[in-house]
2 protein chains.
Amino acid sequence: MTPDAEPIRRRKLSDEVRERLLAQINEGDLRPGDPLPSERELMARYGVGRPAIREAMQQLASLGLIVVRHGDRPRLAAPRLDLLAEQLALTMRHVLTHDDTILAQLKEARIVIETGTARLAAQMRTSADLEHLRDLLARQLLARHDPAEFMRRDGDFHAALAGISGNVVLSSVVRAVFDWMARFHSRAVHSSGLERLTLDEHEAIVAAVAAGDPERAARAMQDHLTRANALYRQASVADN
Amino acid sequence: MTPDAEPIRRRKLSDEVRERLLAQINEGDLRPGDPLPSERELMARYGVGRPAIREAMQQLASLGLIVVRHGDRPRLAAPRLDLLAEQLALTMRHVLTHDDTILAQLKEARIVIETGTARLAAQMRTSADLEHLRDLLARQLLARHDPAEFMRRDGDFHAALAGISGNVVLSSVVRAVFDWMARFHSRAVHSSGLERLTLDEHEAIVAAVAAGDPERAARAMQDHLTRANALYRQASVADN
DNA sequence: CCGCTTCTACTGGTATGACGAGTTGTGGCG
DNA sequence: CGCCACAACTCGTCATACCAGTAGAAGCGG
């Protein structure tokens, strides 16, 4: 049907090298920490110059697949979710800056995810978890006159709630999304005496979690985030 | 308290350059497509060699922030969620390969997200959406003897369900997570005549969505994914 | 014989210069 | 006025050289 619209664009050498290295990494069963061939050896093996090798290596390193240190050979990196999130942050900032529609959708997605984590938390919470949440709440209360600190505690609360599920993926996602949005609304989030409202809503969530009522917890979270989103929308300036 | 445990590691030149470029990109209000200074100009401006500039550029390019073409100057890239997901796939593959605990947590996270999208779909679906879902269901039924095609249709169904919310972020996430897991279980997912069961469960989800019953839709999705996860666990071989 | 220090060989990091190849805009020719 | 060829950019790649950091081997002292 479609007459093969594939654009015959010239592939960069480093792309080819990266692909081969990637295949070798995935096929060969290496464990994190295992060494890879040195740049010189690779340029001899593939018959390309050092720049091509270096660029490929650099890309793999920035993806978090390998780690290159100065005097040592490249090594397979240990997988780390937190580095992944950090790397994503740069890209998300770019996306959020230049595409207005994404921010609104990200807020909606956050509601979906965090109402889910609230449900899980209400089902799985232990007494230790509740104590931890109340402790975080108390700390946030103490920080109510320090906007930056207050916001940090706010993020801790949401991440901790997600963490009750014991699911690192979920808590990482919650944390990452919070950070992205905070970076865009650090001033808007807690302007002029809304700290009290935020704390009340957090307390309502904790109460529902303590009661072991998933639906009530989900609703409390939804109200909290919906209210917050409305405020975001109102003060629509991206700072920094 | 802690005696400043900051490790005074030598920063690479390209890191410094990358940081400055990043700042300049974020501060200066450029729009996608706008040109950045050429490599030669930058090496003159920062007083470093071309390799340092190139490595920094390369990293920004692999993050999707800028785009470098052969005869043209670097330009600010248009933000694209799909490229972001593709880039994530490489990293996630690495994480999933070398950390057994993440896969299980990813499955749980998927349940949280997709029960949420099912709820949304039940609330927001139009008659056109329902028609689309039923069409996808029919196509998947036709492909029940072609495992690869069947799995592709399966992903289409889940993504379409998430897409009913009109939220590109959610549908992208759903699609991405599905792809990651499919890559790890392409053989396990649809082994030996479970296509019929999958289709039945999909139909149950569609029925609940059609009825406009969010809780029933969420429960149907949860049952579907829980059942599927049990199968994943059973056939625990990562292929390829 | 063991432990510490030193030294050396190998590694990545950076600079320079050169050339090839692709893109873009300009100027001249028809 | 429109088309085309050329020129002036750009990135892509190579080769070479040297600096700097790491790690393991060799040597020393106990």
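Both backbone and side-chain heavy atoms feed into the values below; hydrogens, waters and symmetry mates do not. Because the structure is a prediction, the values reported are computed rather than measured. Below, chain A is the first sequence line, B the second, and so on; all start at residue 1.
In this structure, B:N167 contributes its side chain and A:Q105 its backbone to a donor-acceptor pair below 3.5 Å. Here the side chain of A:D34 pairs a donor or acceptor atom with the backbone of A:R31 at under 3.5 angstrom. Remark: the backbone N or O of B:A77 is paired with a side-chain donor or acceptor of A:H94 at under 3.5 angstrom. B:S171 places no side-chain N or O within donor-acceptor distance of the main-chain N or O of B:A159, the cut-off being under 3.5 Å.
Proximity of B:R69 to the phosphate of C:dT24: a side-chain N or O atom is located under 4.0 Å from OP1 or OP2.
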Practice problem: Test side chain to side chain contact (heavy atoms under 4.5 Å, CB included) on B:E19 and B:R11 and set out the steps. | Solution: CA-CA 11 Å; B:E19 202 163 293; B:R11 282 174 58 82; 3.1 Å; yes
Practice problem: Begin with the C-alpha distance, continue with both residues' side-chain angles, and end with the deciding distance and a verdict on side chain to side chain contact (heavy atoms under 4.5 Å, CB included) for B:L83 and B:E86. | Solution: CA-CA 5 Å; B:L83 286 187; B:E86 185 182 332; 3.8 Å; yes
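Of the residues B:T115, B:I113, B:I111, B:V112, the one that meets the side-chain contact (heavy atoms from CB on, under 4.5 Å) test with B:L225 is B:I111. A:S172 pairs with exactly one of A:V174, A:V169, A:V168, A:L170 by the side-chain contact (heavy atoms from CB on, under 4.5 Å) rule, that one being A:V168.
In this structure, CG of B:D72 is placed 9 Å from P of C:dT23, rounded to the nearest angstrom. Rounded to whole Å, atom P of C:dG20 lies 16 Å from atom CG of A:L13. We find that CD1 of B:I66 is positioned 14 Å from C1' of D:dT10, with the value rounded to whole Å. At whole-Å resolution of the value, CZ in A:R73 and P in D:dA23 are 13 Å apart. The distance between atom NZ of A:K12 and atom P of D:dC14, rounded to the nearest whole Å, is 12 Å. As rounded to whole Å, 9 Å separates atom P of D:dG12 from atom CZ of B:R50. In this structure, B:D15 places its CG atom 17 Å from P of C:dG12, rounding to the nearest Å.
Contacts with DNA chain C (heavy atom under 4.0 Å) in residues 30-47 of chain B: B:R40, listed by number. Within residues 51-60 of chain A, the residues approached by DNA chain C to less than 4.0 Å at the level of any non-hydrogen atom are A:R54, in residue-number order.
Residue whose closest nucleotide on DNA chain D sits further toward the 5' end, between A:G49 and A:R75: A:G49.
Across all non-hydrogen atoms, the minimal contact from B:S14 to B:E55 is OG-OE1, 3.4 Å.
For C:dG12, its base sits under 3.5 Å from the side chain of A:H70 at one donor and acceptor pair at least.
Heavy atoms of B:G71 sit under 4.0 angstrom from at least one base atom.
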